[in-house]
Amino acid sequence: MLKKLAVLALVATPLLASTAAMAAEPKCEVDRPVVFAGLDWDSNSFHTAIASFVLEHGYGCKTDKIPGSTIPLLNGMARGDIDVTMEIWEDNVKDAWEVALEKDQVVDLGVNFPDAIQGWFVPKYLIEGDDAKAKGLKSVADLPKFKDVFKDPEEPEKGRFYNCIAGWGCEVINTKKFGAYGLDDSYVNFKPGTGAALSAAILSNIKRKKPIVFYYWGPTSVLGKVGDQVTMLEEPKFDEALWDKLSKEDAPKEACAYPIVPVIVGANKKFAESAPMIVEFLKNYETTNAMVSEALAFMEDNGGDAEVAAKDFLKKNEDLWTKWVPEDVAGRVKAAL
């Protein structure tokens, strides 16, 4: 009889352990996938991959993302089609973001990184040295004098300015600046269809030491690779009142430099109310421009895979991200890595 009891105990032990393990598994606060905004640039993909990995392995959630560009996805978050956006460049989408806040459709969950930069750039080899093709080019006001240097292949009587991606908030702002700076008669306002097309044009032209004037932003792998080879053109100093007019008017007469801005995490209001633990994690989530640029360089060198870059970041920065989440969540994420 004792032998039978011993055998039953041995059989029961793994069953009990398995049941205990199942009981310890986290239960997500929402009974459906958490939907992220799949904005079409690398740093957003990277941050979304980190947040998704933590939610899946630390909080027991399923995740999904909807691809698209800035304004449509912001409107989607306001409607409730999207739960979380890991990068909101607030000054680029000022009107749409403020409307969504006023209607109580979205919430600001705090700063992702505090030191984003944006501007118009030219390679240093065009402006430095006695034989530089655009020697004397220092500001946007100088661009008309050098239109022949940046000749557009389709309209050779004009130069080509590489704007932000069609459909992005920065493309709208740059187009307004383009008009305010009086460049319509001397430059083509060229709008690449994808982020890959813009970065390829920049890297290719700089590698071949060809002329190019372009908009770009950081943190990015592009500025991580060529940041020491380019110069940001001077613009009128950032002025909040002027920027506000630039954001709201269709055809402003004046423009100014982009501010150095914090990029925030946003969420749909109803989702935030239904998932306080997830919201607490996202409120604690914070990185820096330099940190993200380094990660994006790794991502670029490893096939552009955001999930691979996210895992590498989590492994290398345990002291950082373990402060974003409770101890039990951190333990599950570390085990998954």
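Counting begins at 1 with the first residue of the sequence.
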May I ask you to check whether Glu234 and Ser139 show a side-chain donor-acceptor distance below 3.5 Å?
no
Test log, rule salt bridge (charged side-chain N to carboxylate O under 4.0 Å, His left out), inputs Asp83 and Arg32:
CA-CA 11 Å; Asp83 299 314; Arg32 56 169 180 77; 2.8 Å; yes
Given the rule in the side chain to side chain donor-acceptor pair (under 3.5 Å) test, do Asn189 and Asn163 qualify, once you have shown the distances and angles that lead to the verdict?
CA-CA 6 Å; Asn189 182 13; Asn163 197 340; 2.9 Å; yes
Phe178 vs Trp120 aromatic rings, parallel, tilted or perpendicular, using cut-offs 30° and 60°?
tilted
Ring-plane angle category for Phe281 and Tyr285, please: parallel below 30°, perpendicular beyond 60°, tilted otherwise.
perpendicular
For the side chain of Lys177 and the backbone of Cys256, is there at least one donor-acceptor N/O pair under 3.5 Å apart?
yes
Show the numbers, then the answer: is there a side-chain contact (heavy atoms from CB on, under 4.5 Å) between Glu294 and Phe313?
CA-CA 10 Å; Glu294 182 180 344; Phe313 179 88; over 6 Å; no
Any sub-3.5 Å donor-acceptor pair from Lys269's side-chain atoms to Leu101's backbone N or O?
no
If the condition is disulfide bond (SG atoms under 2.5 Å apart), which residues does Cys28 pass it with, not counting sequence neighbours?
Cys61
For Ile127, what residues pass the side chain to side chain contact (heavy atoms under 4.5 Å, CB included) criterion, not counting sequence neighbours?
Val122, Ala134, Leu137, Thr231
Let's go through Tyr216 and Phe121 carefully: what are the C-alpha distance in whole Å and the side-chain angles of both, what is the deciding distance for ring pair (Phe, Tyr, Trp, His ring centres under 6.0 Å) to 0.1 Å, and is it a yes or a no?
CA-CA 7 Å; Tyr216 223 71; Phe121 295 85; 7.8 Å; no
Sorted by chain and residue number, the side chain to side chain contact (heavy atoms under 4.5 Å, CB included) partners of Ala306 (sequence neighbours excluded) come out as Ser45, Ala49, Met299
Evaluate Lys94 against Glu90 for salt bridge (charged side-chain N to carboxylate O under 4.0 Å, His left out), listing each step before the verdict.
CA-CA 6 Å; Lys94 197 175 182 70; Glu90 196 173 358; over 6 Å; no
Within a 6.0 Å radius of atom NZ on Lys135, are there more than 12 heavy atoms belonging to other residues, nucleotides or ligands?
yes
Please check this pair: side chain of Asp81 against backbone of Met77, looking for a donor-acceptor N/O pair closer than 3.5 Å.
no
List the steps and the verdict of side-chain contact (heavy atoms from CB on, under 4.5 Å) for Ser199 and Val222.
CA-CA 7 Å; Ser199 61; Val222 169; 3.5 Å; yes
Between Tyr162 and Asn205, do the side chains contain an N or O donor and an N or O acceptor separated by less than 3.5 Å?
no
Checking Trp41 against Glu87: is there a side-chain donor and acceptor pair closer than 3.5 Å?
yes
